[in-house]
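Worksheet for the structure shown next.
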There are 2 protein chains.
Amino acid sequence: MLNSSQMNRRLSTKDFVYFEIKKRIIECILAPDQPINEEYLATELNISRTPIREALQRLEIEELILRLPNGRLKVAPISIQEVEEIFHVRSLLEGLIAREATTKATSNDIQKLGQFTKLIVTAANNDRGDEVVYYGSEFHSYLYQISKNKTANKILNQLNDHISRYRRLGPIKNNERSRNAAKEHLEMFEAISHKNPDKAEKLMREHINNSLKAAVHTIEVHLQQNIDENN
Amino acid sequence: MLNSSQMNRRLSTKDFVYFEIKKRIIECILAPDQPINEEYLATELNISRTPIREALQRLEIEELILRLPNGRLKVAPISIQEVEEIFHVRSLLEGLIAREATTKATSNDIQKLGQFTKLIVTAANNDRGDEVVYYGSEFHSYLYQISKNKTANKILNQLNDHISRYRRLGPIKNNERSRNAAKEHLEMFEAISHKNPDKAEKLMREHINNSLKAAVHTIEVHLQQNIDENN
DNA sequence: ATTTGTGTAATTGTATACAATTATAAGTGT
DNA sequence: ACACTTATAATTGTATACAATTACACAAAT
């Protein structure tokens, strides 16, 4: 019984709810550790519990939500260990994607990647960190497409949802990191356009490992702030 | 309304159904491409559609089942490309696990791994291929435990479900591969017990890549047989 | 004061009823 | 015979009713 716009668009209620709740978790509108109530969500979104439950189950499988031993749900907590694990896995898989994409890229693909690279570099030069993140994501997503590796692709998309949430915890502004990230993308682009899969893979792994350091720092600051606030 | 034994054991109906259907898919009782009917399963298992649907959704997310554009479900088809993707990802993640486990392993862990290794080698020497597979899985699972890397662990478990199904397609008997696999495990064990994470990672990757070759061969034979049968 | 028990409310788990969609097959016209 | 409707059945999607579990508050006992 949604007021329309979703029903028509071949997007099932369940999927609409899934994306809606996921958005709220990633944007920390639903904060880490916050308990989740099926009935409450059903009332608020004006739909029955059935699609809510199915959406929540999906989020639970993807570990953005976790189920307590008593069956209650809560938003996944912040965990530095998890962040490190995610980045380690991501580093390897993005490296694989970079390698495969380098082999498969057409001249058109390379042109497209060049455009993204330019946008990233320009954004970094103008200290627009959020744009660096945005076009950076586009760059990576485009590599996923080129590689045609559905398995790695799917895993990476899930990991990226988690990373997006962690990004929200702290201030995005880090101009030094932005400029370094831009440089790294430029180097990766050159390796790809020169058809050097080994180098592309190596640079990509290093790139992800560098952003891990920034992410961990952000989260540590966040956790420290929360400790301070409670004292 | 199950005849009891499941209800009592803290295993929800939904989870029971999930494991039950997954088992049937892995064992190819539910064959690749076979359509799936909610009502039919509900009647057969003597429960309502609700937990069936939730179990099927989970299997869909894990891609053992896929949803056609019209909403109908079917068992995931056989795909050589998917197998290759899975093994490539698995190679990297098992390598990561092997590296981390090498660093973290206690002397007790190493003793345990030594026992598994011995069982694998003995089984291979006696041409008991299924035992090689079984203890091989135990060896790998134990490394997952040692590494404590939940993220990689979860992904690998899902990939392994797919691989288990592919194994079922062809005859397991391949004594040459069994003996090589045993040798590879022995070498990995030595690298781990000598606390050499680089070597452990490298050997693990090679080990997985070697089993990919055997798996692809099995599936190609299977597909060829099916073509022959239909002519 | 702390614990233990008990009744009640809140929440989740499952079953069923109903709505919406899609497939199937029979009929119609050409 | 073939395409095109149209009616009907089969299937999935959603809502709701009910059962089972769990949390909570308050009382009783020590």
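Just so we're on the same page: letters track the sequence lines, and every chain starts at 1.
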Evaluate the side-chain proximity of B:Tyr18 to B:Leu56: yes if any heavy-atom separation is below 4.5 Å, no if none is.
no

Rounded interatomic separation in angstrom, taking CG from A:Leu45 and P from D:dA15:
11 Å

Quick one, which residues of residues 56-72 of chain B touch DNA chain C with a heavy atom under 4.0 Å?
B:Asn70, B:Arg72

Pairs flagged by side-chain hydrogen bond (donor to acceptor under 3.5 Å, both in side chains) wherever residues 70-80 of chain A is involved - sequence neighbours left out
A:Asp33-A:Lys74

Sort and list the pairs that fulfil salt bridge (Lys or Arg N to Asp or Glu O under 4.0 Å) and have at least one residue in residues 147-157 of chain A, not counting sequence neighbours.
A:Lys154-B:Glu63

Qualifying salt bridge (Lys or Arg N to Asp or Glu O under 4.0 Å) pairs with a residue from residues 207-219 of chain B, counting only residues at least two apart or across chains:
none

If you take any heavy atom closer than 4.0 Å to DNA chain C, which residues from residues 29-37 of chain B end up in contact?
none

If you define the side chain from C-beta out and look only at heavy atoms, does anything of B:His88 sit under 4.5 Å from A:Leu96?
yes

More than 12 heavy atoms of other residues, nucleotides or ligands under 6.0 Å from NZ of B:Lys112: is that the case?
no

Note: for B:Glu38 and A:Ser48 on DNA chain D, the residue whose nearest nucleotide lies more 5' is B:Glu38

Atom CG of A:Asp15 to atom C1' of D:dG13: distance rounded to whole Å?
11 Å

Name the one of B:His207, B:Arg205, B:His140, B:Arg99 that satisfies side-chain hydrogen bond (donor to acceptor under 3.5 Å, both in side chains) with B:Glu94?
B:His140

Grab the CZ-P distance between B:Arg49 and D:dT14 for me, whole Å please.
11 Å

Write down the distance between CD (B:Glu39) and P (D:dG13), rounded to a whole number of angstrom.
13 Å

Hey, does the side chain of A:Thr50 come within less than 4.0 Å of D:dT14's phosphate (OP1/OP2), counting only N and O?
no

Rounded to whole Å, CG of A:Leu11 lies from C1' of C:dT21 at a distance of 16 Å

Is the shortest heavy-atom distance from the side chain of B:Leu73 to the side chain of B:Leu66 under 4.5 Å?
no

In whole angstroms, the gap separating P of D:dA19 from CD1 of B:Ile47 amounts to 18 Å

To the nearest angstrom, how far is B:Lys74 atom NZ from D:dT12 atom P?
15 Å

Nearest-Å distance for atom pair CZ/P, residues B:Arg53 and D:dT14:
7 Å

Under the side-chain contact (heavy atoms from CB on, under 4.5 Å) test, residues paired with A:Lys14 that sit two or more places apart
A:Ser12, A:Pro51, A:Glu54, B:Gln57, B:Arg67

